[in-house]
Amino acid sequence: MASDDERMVKTTTKSFRILEYLHDSGGAGISEIADALAMSKSTVYKHLRTLEAERYVVHDETGTYTIGLRFLALGVGARRQQPIYETAKPEIQQLAESSGEMANLMVEEHGRGVFLYRADSSRAVNLDTHAGREVYLHTTAMGKAILAQYDTETVDQIIDRHGLPQKTPHTITDRETLYAEFETIRERGFAIDREERLEGLCCVATPITTPDGGALGAISISGPQSRVKAETLETELPELLLNARNVIELNVAYD
């Protein structure tokens with residue numbers, strides 16, 4: 001039986017590595033891409049010409065290539081295909097207004113957490129949680145809330161694939177400690193992130209599930225540690241989230 005590597009089309013993989021580099025760098029020329037990805041300039045040029053012909057990249061008069069807006073349509077379409085997105089969106093907006101902080105919606109894909117939607121209050125801090133942003137699940141309250149709904153085998157597969165890298169001094173990097181936290185999350189219905197992905201940021205989240213217990217994603221409220229104290233994290237914000245969760249799950253179930 002062919003391995004996963006043998007079934008992959010290497011030319012396609014190279015195109016995606018180039019696209020990812022353009023995305024992360026904000027734009028680059030052929031030489032820079034070739035050096036960064038250890039490809040020949042001629043190879044990079046051929047991929048870029050093909051991607052440009054298909055309208056996935058553009059270049060300016062300086063020879064700098066950037067991601068094309070065609071990806072915007074694909075991204076919007078991908079987000080709309082998530083059953084939770086349209087249902088949760090108004091509740092996320094209401095959470096931001098009610099809490100005076102930032103509210104988010106996340107789903108899991110390929111073992112990573114992907115932000116789908118963010119709503120800000122007038123005093124919300126400016127963060128990197130834009131739509132499409134990927135993060136390690138174990139570093140966020142939403143990610144832990146999602147993982148807590150999975151069986152041990154699924155969680156083990158995700159950890160084996162992505163590991164438990166440390167993002168701050170507060171990140172949980174021990175498997176058994178993480179599993180113990182899952183028990184607490186399941187008991188109380190919400191998860192807390194105490195500066196585990198970003199120092200100075202605290203977050204509380206609750207999972208969104210289907211009637212049969214499947215995890216659709218998670219919603220959260222985030223704020224600076226200086227403003228979001230222990231009582232707020234453990235009482236006030238969870239109450240807002242659990243009410244929103246109830247509305248979303250009912251709408252999902254009866255849509």
- prompt: Between H47 and T11, is a side chain to side chain contact (heavy atoms under 4.5 Å, CB included) present by the stated rule, with each step listed?
  reply: CA-CA 9 Å; H47 282 272; T11 301; 3.6 Å; yes
Are the side chain of [X] and the backbone N or O of [Y] linked by a donor-acceptor pair below 3.5 Å?
X: R194; Y: H170; answer: no
X: E134; Y: G113; answer: no
X: S25; Y: Y21; answer: yes
X: T232; Y: E236; answer: no
X: E183; Y: Y179; answer: no
X: N251; Y: A253; answer: no
X: H138; Y: P165; answer: yes
X: R118; Y: A103; answer: no
X: T64; Y: G27; answer: no
X: Q82; Y: Y85; answer: no

- request: Only counting residues at least two apart or in another chain, list the ones meeting side-chain hydrogen bond (donor to acceptor under 3.5 Å, both in side chains) with E109.
  value: none
task: Begin with the C-alpha distance, continue with both residues' side-chain angles, and end with the deciding distance and a verdict on side chain to side chain contact (heavy atoms under 4.5 Å, CB included) for T66 and V57.
output: CA-CA 6 Å; T66 54; V57 302; over 6 Å; no
Lys/Arg N to Asp/Glu carboxylate O, [X] vs [Y], below 4.0 Å:
X: E196; Y: K167; answer: no
X: E101; Y: R227; answer: yes
X: R17; Y: E20; answer: yes
X: R245; Y: E249; answer: yes
X: D160; Y: R175; answer: yes

I need the minimum non-hydrogen distance between [X] and [Y], along with the two atoms involved.
X: F190; Y: E234; result: CZ-O, 3.7 Å
X: G189; Y: P207; result: O-CD, 3.7 Å
X: I84; Y: L105; result: CD1-CD1, 3.7 Å
X: A218; Y: A145; result: CB-CB, 4.3 Å
X: A141; Y: A191; result: O-CB, 3.4 Å
X: G100; Y: S121; result: O-OG, 2.6 Å

Non-hydrogen side-chain atoms of [X] and [Y] separated by less than 4.5 Å:
X: I33; Y: I30; answer: no
X: L216; Y: V107; answer: no
X: I185; Y: K144; answer: yes
X: L201; Y: Q225; answer: no
X: I92; Y: N104; answer: no
X: L240; Y: L237; answer: yes
X: M102; Y: I221; answer: no
X: V135; Y: R133; answer: yes

query: Please, which pairs that meet ring pair (Phe, Tyr, Trp, His ring centres under 6.0 Å) have at least one residue in residues 230-255, sequence neighbours excluded?
result: none
Give a yes or no on this: more than 12 heavy atoms of other residues, nucleotides or ligands lie within 6.0 Å of atom [atom1] of [X].
X: H110; atom1: NE2; result: no
X: L74; atom1: CG; result: yes
X: H162; atom1: NE2; result: yes

message: Side chains of T12 and S15: any donor to acceptor distance under 3.5 Å?
response: no
message: Between L164 and D174, is the side chain to side chain contact (heavy atoms under 4.5 Å, CB included) condition met? List the steps.
response: CA-CA 7 Å; L164 295 172; D174 175 72; over 6 Å; no
- prompt: Mind checking whether Y56 and F71 have parallel, tilted or perpendicular rings, split at 30° and 60°?
  reply: tilted
Nearest 0.5 Å, what's the [atom1]-[atom2] distance between [X] and [Y]?
X: R197; Y: M142; atom1: CZ; atom2: CE; result: 8.5 Å
X: L37; Y: E32; atom1: CG; atom2: CD; result: 9.5 Å
X: I146; Y: I158; atom1: CD1; atom2: CD1; result: 9.0 Å
X: T13; Y: I18; atom1: OG1; atom2: CD1; result: 11.0 Å
X: S220; Y: I192; atom1: OG; atom2: CD1; result: 12.5 Å
X: L22; Y: Y65; atom1: CG; atom2: OH; result: 10.0 Å

query: Would you say L48 and Y45 are hydrophobically clustered, going by side-chain heavy atoms of ILVMFWY under 4.5 Å?
result: yes
Cluster check L147, L116: I/L/V/M/F/W/Y, side chain < 4.5 angstrom: no
query: Checking side chain to side chain donor-acceptor pair (under 3.5 Å) for the pair T173/T171: CA distance, chi angles, key distance, verdict?
result: CA-CA 6 Å; T173 58; T171 307; over 6 Å; no
message: Working note: V114 + E108, criterion side chain to side chain contact (heavy atoms under 4.5 Å, CB included); need CA distance, chi angles, decisive distance, verdict.
response: CA-CA 6 Å; V114 183; E108 177 268 322; over 6 Å; no
message: A cation-pi test, strictly: NZ or CZ of R112 under 6.0 Å from the centre of the six-membered ring of Y136 and no more than 45 degrees from its axis. Yes or no?
response: yes
